[in-house]
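Hydrogens, waters and symmetry mates are skipped; everything else that's a heavy atom, side chains included, is used.
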Amino acid sequence: MWTSLDEIDRRLLDGWQRDLPLVPRPFAGIGDALGIGEAEVLDRLARLHEAGAISRVGGTCRPNAVGASTLAAVAAPGSRIEEVAAAIGAIAGVNHSYLREDDWNIWFVATGPDRVHVAAGLTEIRRRTGLRVLDCPLVRPFNVDLGFPLMEASRPVPPPCRQDPGALEAGDRPILAALTAGLPLSASPFGVLAERLGRTERAILARLRRLLDAGIVSRLGVIVRHRALGWRSNAMTVWQIAPADAARIGPALARQPGITLCYQRRPVPDVWPYTLYCMVHARSRTDALAILDRAARAVGLGQTPRRALFSVRCFKQTGAMVARGEERA
């Protein structure tokens, strides 16, 4: 189900994909900025969630800052795509799963509280499907913000801040798990979360400020669903470059207009030689390919082997698993 956006919807989604006010009544502050009331902000967010335009109001954690994750893929025969996708999606911790244009056609992200959990999930997928699983762990991120500007005057994506993993404290994982699941759409979401966790609202807000400052929470705000908002031609593009060159080229590629994600991953010898990854989310295939061509020329990758794996279908899109069951709110 989907309804079109009006001007206030666009301003709401464009302006608050990050920097959710860390105050007891954040939606009242957003309403003041938009010239509408708190109740209307909540009503609009609830409608957009029901329509599939947003997945949640919450946070994203910097990859592997809390818990572990990997990007993985299988080569599913055409006759088994539905079966294999269902088997993958049923594994606890698989939070994104897409059908892409390639022989390695089902790509997914496996997350968990630690690498042992992630590895066990990949092993179970091999057992259930009988297929080889490519495991492409993250080496370093260059841009993992994944915001989607809806208006020409949108703010630029901020550069990634320096990460301070030492800021993580005992008791933070349930807070982070709640952010990845989504804050309650209520007038006092942090108060509701505090009551759920047996803590004070002041303490929850203090920890969120610290986790954001430390780069452990990479973004806190409205998490949109790009396909529902018009970005229907999306390509995960992989580049075959020497790992030693990624630290130089990756940041430059991440700064190019239209590049929404960029990171270095470990290759799989003799099977998958690609080390540099980026995502392009565009409104048409022509636009996506033009973005890639411009970005490649700008950073000196014009003659570098690459593959653009366009998304065909989304099977699953949820927040990452960052805590064990007993640690979740």
Could you verify whether a donor N or O on one side chain and an acceptor N or O on the other, from Thr60 and Ser218, lie under 3.5 Å apart? yes
So, is the end of the Arg307 side chain (NZ or CZ) under 6.0 Å from the ring centre of Tyr274 and within 45° of the ring's axis? no
Between Arg199 (side chain) and Ile204 (backbone), is there a donor-acceptor pair under 3.5 Å? no
Out of Phe315, Trp272, Tyr98, which one pairs with Trp107 under the ring-ring contact (aromatic ring centres under 6.0 Å, His included) rule? Trp272
Which atom names give the shortest non-hydrogen contact between Ala73 and Phe108, and what distance separates them? N-CE2, 4.0 Å
Side chain of Arg210, backbone of Ala167: donor and acceptor closer than 3.5 Å? no
Considering non-hydrogen atoms only, spot the tightest contact between Arg265 and Cys136 and give its length. NH1-O, 2.9 Å
The single option from Leu42, Val41, Ile36 that satisfies side chain to side chain contact (heavy atoms under 4.5 Å, CB included) with Glu38 is Leu42
Residue pair Ile291 / Ala282: nearest heavy atoms and the distance that separates them: CD1-CB, 4.3 Å
When you measure from the side chain of Thr111 to the backbone of Gly93, do you find a donor-acceptor pair of N or O atoms at a distance under 3.5 Å? yes
Heavy-atom closest pair, residues Ile106 and Ala76: CD1-CB, 3.9 Å
May I ask you to decide whether Asp287 forms a salt bridge with Arg232, counting only side-chain N to carboxylate O separations under 4.0 Å? no
Tightest non-hydrogen contact, residues Cys278 and Trp239, listed as SG-NE1, 3.7 Å
Looking only at side-chain N and O atoms, does Asp135 offer a donor or acceptor that is under 3.5 Å from a partner on Thr70? yes
Minimal non-hydrogen separation, Gln256 against Ala298, with atom names: OE1-CB, 3.3 Å
Can you tell me if Arg202 has over 12 outside heavy atoms packed within less than 6.0 Å of its CZ? no
Any link between Leu22 and Val192 through a network of hydrophobic side chains (Ile, Leu, Val, Met, Phe, Trp, Tyr) touching at under 4.5 Å? no
